[in-house]
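Structure, as structure tokens:
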Amino acid sequence: MSQQASPRGTFLKIADAVKARVEADPGMTELPSAVDLMSEYKISRGVALRAFAALHKDGVAEPVPGGRWRVVRAGERTDRRPLEERIADIVAEERLEVGAAFPSASALAERFGVSRPTVTKALDRLEAAGVLASGGQGRVRTLRAMPIREERS
């Protein structure tokens, strides 16, 4: 990269270059790390982070907590609702009835691609809302009540 000021913004040029790489390589699933971009383009961490933000805004990538940014391909839809809402949807998807056993935290963690402690927090919120009955350690959680779906406008 040249050392001259860019009228368009260096981070936008880098975002465009990364976007071109993503489009050229259908097998690419992760973006380069911030350190890789800093080294390759001789930029600061702030510029690299702004490039990631521009890619996120354009729908090219999304952040992964504790990992590299994930490439989002056209047609992929990411559910951005809170985890407890997505977990509550299991009741309808699997046609569970009150009193039925609920999937374990480990099974839910694998299904949603998050850590077990993250799932446990979401399950705790569902227990507090009265949807699930606490299983306790080593016991199965059960469905206490049907979740109430809030309509969003």
Side-chain angles (χ1 to χ4, degrees), residues 11-12 14-40 43-153:
F11 74 97
L12 291 173
I14 293 168
D16 288 343
V18 173
K19 185 189 289 188
R21 273 197 234 170
V22 168
E23 291 168 357
D25 183 2
M28 187 177 199
T29 59
E30 293 180 333
L31 295 184
S33 69
V35 171
D36 292 340
L37 289 181
M38 291 165 55
S39 174
E40 182 177 346
I43 57 171
S44 69
R45 182 170 182 78
V47 172
L49 296 177
R50 288 182 72 190
F52 288 140
L55 291 165
H56 186 233
K57 182 179 177 190
D58 291 344
V60 174
E62 65 184 10
V64 175
R68 287 190 175 186
W69 284 68
R70 183 179 82 84
V71 172
V72 177
R73 299 286 175 189
E76 284 184 18
R77 186 177 164 273
T78 304
D79 191 346
R80 300 208 182 275
R81 294 177 302 147
L83 183 59
E84 61 266 21
E85 288 181 25
R86 293 184 285 156
I87 290 174
D89 285 349
I90 292 173
V91 174
E93 290 169 8
E94 297 185 6
R95 296 189 169 113
L96 297 177
E97 296 183 14
V98 173
F102 206 74
S104 70
S106 296
L108 292 170
E110 186 174 325
R111 180 174 181 167
F112 291 103
V114 296
S115 69
R116 234 182 84 238
T118 300
V119 169
T120 301
K121 288 177 187 174
L123 291 172
D124 289 345
R125 287 191 282 276
L126 289 170
E127 285 177 19
V131 174
L132 296 177
S134 175
Q137 187 168 355
R139 294 180 44 213
V140 177
R141 281 184 176 86
T142 56
L143 184 62
R144 177 183 284 170
M146 300 305 271
I148 298 171
R149 296 188 134 227
E150 293 180 15
E151 295 299 320
R152 297 185 191 239
S153 53

Inset, instruction - Check whether any side-chain heavy atom of Leu123 sits under 4.5 Å from a side-chain heavy atom of Leu108, and report yes or no. - result: yes

Legend entry - Atom of Pro26, atom of Arg73 and distance for their closest heavy-atom approach: O-NH2, 3.2 Å

Legend entry - Heavy-atom side-chain contact between Glu30 and Val64 under 4.5 Å: no

Inset, instruction - Could you tell me which non-hydrogen atom of Val98 sits nearest to which non-hydrogen atom of Ala145, and how far apart they are? - result: CG2-CA, 4.2 Å

Inset, instruction - Could you label the plane-to-plane angle of the Trp69 and His56 rings as parallel, tilted or perpendicular, counting under 30° as parallel and over 60° as perpendicular? - result: perpendicular

Legend entry - Reported CD1-to-CZ distance for the pair Ile90 and Phe102, which is rounded to 0.5 angstrom: 4.5 Å

For residues 115-122, which side-chain donor-acceptor pairs fall under 3.5 Å, sequence neighbours excluded?
residue : atom : partner : partner atom : Å
Ser115  : OG   : Thr118  : N            : 3.3
Ser115  : OG   : Thr118  : OG1          : 2.8
Thr120  : OG1  : Arg116  : O            : 2.9

Inset, instruction - List the steps, then state whether side-chain contact (heavy atoms from CB on, under 4.5 Å) holds for Leu37 with Phe11. - result: CA-CA 10 Å; Leu37 289 181; Phe11 74 97; over 6 Å; no

Report, one line per pair, each donor and acceptor closer than 3.5 Å where one atom sits in a side chain of residues 124-133; sequence neighbours left out.
residue : atom : partner : partner atom : Å
Arg125  : NE   : Glu84   : OE1          : 3.0
Arg125  : NE   : Glu84   : OE2          : 3.3
Arg125  : NH2  : Glu84   : OE1          : 3.1
Glu127  : OE2  : Arg141  : NE           : 2.6
Glu127  : OE2  : Arg141  : NH2          : 3.4

Legend entry - Beyond-backbone contact of Val60 with Val18, side-chain heavy atoms, under 4.5 angstrom: no

Inset, instruction - Kindly check if the number of other-residue, nucleotide or ligand heavy atoms within 6.0 Å of CD (Glu97) is above 12? - result: no

Inset, instruction - Determine the minimum heavy-atom distance between Val140 and Ala101, stating which atoms define it. - result: CG1-CB, 3.5 Å

Legend entry - Closest approach of Pro103 to Glu94 (non-hydrogen atoms, all atoms of both residues): CG-OE1, 4.3 Å

Inset, instruction - Step by step, work out the side-chain contact (heavy atoms from CB on, under 4.5 Å) result for Arg21 and Leu31. - result: CA-CA 9 Å; Arg21 273 197 234 170; Leu31 295 184; over 6 Å; no

Inset, instruction - Scan for salt bridge (charged side-chain N to carboxylate O under 4.0 Å, His left out) pairs involving residues 43-58, sequence neighbours excluded, and state none if there are none. - result: Lys19-Asp58

Legend entry - Non-hydrogen atoms of Ala51 and Ile14 that approach each other most closely: CB-CG2, 4.1 Å

